[in-house]
2 protein chains.
Amino acid sequence: MLTIGDLSKRTGVKVPTIRYYEQMGLISEPDRSEGNQRRYSKADLERLAFIRHGRDLGLTIDAIKELISLSQHPDRPCVGADRIAREHLDDVRIKIAQLKRLEHELERIVSHCDGHSIEDCYVIRALSDHGLCDGQH
Amino acid sequence: MLTIGDLSKRTGVKVPTIRYYEQMGLISEPDRSEGNQRRYSKADLERLAFIRHGRDLGLTIDAIKELISLSQHPDRPCVGADRIAREHLDDVRIKIAQLKRLEHELERIVSHCDGHSIEDCYVIRALSDHGLCDGQH
DNA sequence: CCGATACCTCTAGTTTCTAGAGCTATATAT
DNA sequence: ATATATAGCTCTAGAAACTAGAGGTATCGG
């Protein structure tokens, strides 16, 4: 039996966040000690690790919920789980592309700004005037 | 003189968001019509375009505020503006690196999952078991 | 001058936590 | 057995950057 603090240390999920996940229905209400403190089993540990992993991968809480509910029907085909992962992959790729454009633009801005006065600062000018930008965003 | 709707159309910033920026002190309180509606000047349009542009680049509202205040002292050296852009560039690079690791992992997950049943679905298994991951995250 | 549309203020909700107040349980040291 | 330190409890509010809705008023085209 693990306390909430043990669980937190083992999974890297902060204590208030664990309580929050409980509130959101991601983990079920655990047993309690005589003094009303939460006591977790190994299954809870695994479930929380799953959630943590999903969140690290950027899945939303809703997506994780869906995956949990899918995983509780092991007989069904896993196209649902596959779809969630695939959709998320698409999102990730879009985000990377956006950020790369941004990186490119910030590089240009920074490299043009060599410590003169604000009056002709490239950072300010670039933000004021979209026309100075390289690509679209 | 532009109404808030005109301003919104020209900058692509939604009407409630413009009001929100005003509240946050990013734009100053504009003149009002006789009937108490906001009327904007061309200077306001430029300022809002600046803000929009900064937000598109992922700058926080605080960072933009800082840039605006810097730009109002054109005599000072622009190291401050340069620093903000540089720090942000660092953030962006970190985020890209994270997302790439993530992309990689999702690709692996998706490609291993070919529509069998949940029981041996790679998506679920990968989330449950960090050991199946390729890299660190 | 009527009616449609746009505007006004104010409040509350979104998402994913995080922080704090005020109080109680548990574990350890003496 | 008791004192103390740490960790736990609930509940509320805050952070970021908006977004949505309620209920009411201006403005403008026809």
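Note on naming: letters A, B, ... go to the chains in the order of the sequence lines (proteins, then strands), and numbering restarts at 1 for each one.
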Within the structure, does a side-chain N or O atom of [X] lie under 4.0 Å from either OP1 or OP2 of [N]?
X       : N      : answer
A:Thr3  : C:dT26 : no
A:Ser33 : C:dT26 : yes
B:Arg38 : C:dC7  : no
B:Arg32 : C:dT9  : yes
A:Lys14 : C:dT18 : yes

- Rounded to the nearest 0.5 Å, the CG atom of B:Leu7 sits from the CE atom of B:Met1 at a distance of 12.0 Å
Grab the two heavy atoms, one from [X] and one from [Y], that are nearest each other, plus how far apart they are.
X       : Y       : result
A:Gly12 : A:Arg52 : O-NH1, 3.0 Å
A:Ser33 : A:Arg39 : CB-NH1, 3.6 Å
B:Glu22 : B:Pro30 : OE1-CD, 3.6 Å
B:Ile51 : B:Ile64 : O-CD1, 3.7 Å
A:Ile61 : A:Tyr21 : CD1-CE2, 3.8 Å

- Message: Applying a 4.0 Å non-hydrogen cut-off, can you work out what B:Arg55 is touching in the nucleic acid: base, sugar-phosphate, or nothing?
- Response: sugar-phosphate
- Result for 5'-nearest mapping on DNA chain C, choosing between A:Arg39 and A:Thr17, is A:Thr17
- Message: On DNA chain C, does the nearest nucleotide to A:Gln37 precede the nearest nucleotide to B:Lys9 from the 5' side, or the other way round? Give the residue.
- Response: B:Lys9
Roughly how many Å is it from [atom1] in [X] to [atom2] in [N], rounded to a whole number?
X       : N      : atom1 : atom2 : result
B:Glu34 : C:dC7  : CD    : P     : 18 Å
A:Met24 : C:dG13 : CE    : P     : 14 Å
A:Gln23 : C:dT18 : CD    : P     : 14 Å
A:Asp62 : C:dT14 : CG    : P     : 12 Å
B:Arg19 : C:dC10 : CZ    : C1'   : 11 Å
A:Tyr20 : C:dT14 : OH    : P     : 11 Å
B:Ile18 : C:dC8  : CD1   : C1'   : 14 Å

- Query: Which nucleotide span of DNA chain D, 5' end to 3' end, has atoms closer than 4.0 Å to non-hydrogen atoms of chain B?
  - Reply: D:dA17 to D:dT27
- Item | Short side-chain to backbone donor-acceptor contact, A:Arg47 and A:Leu26, under 3.5 Å | yes
- Task: Starting from the 5' end of DNA chain D, give me the residue, B:Thr60 or B:Asn36, whose nearest nucleotide shows up first.
- Result: B:Thr60
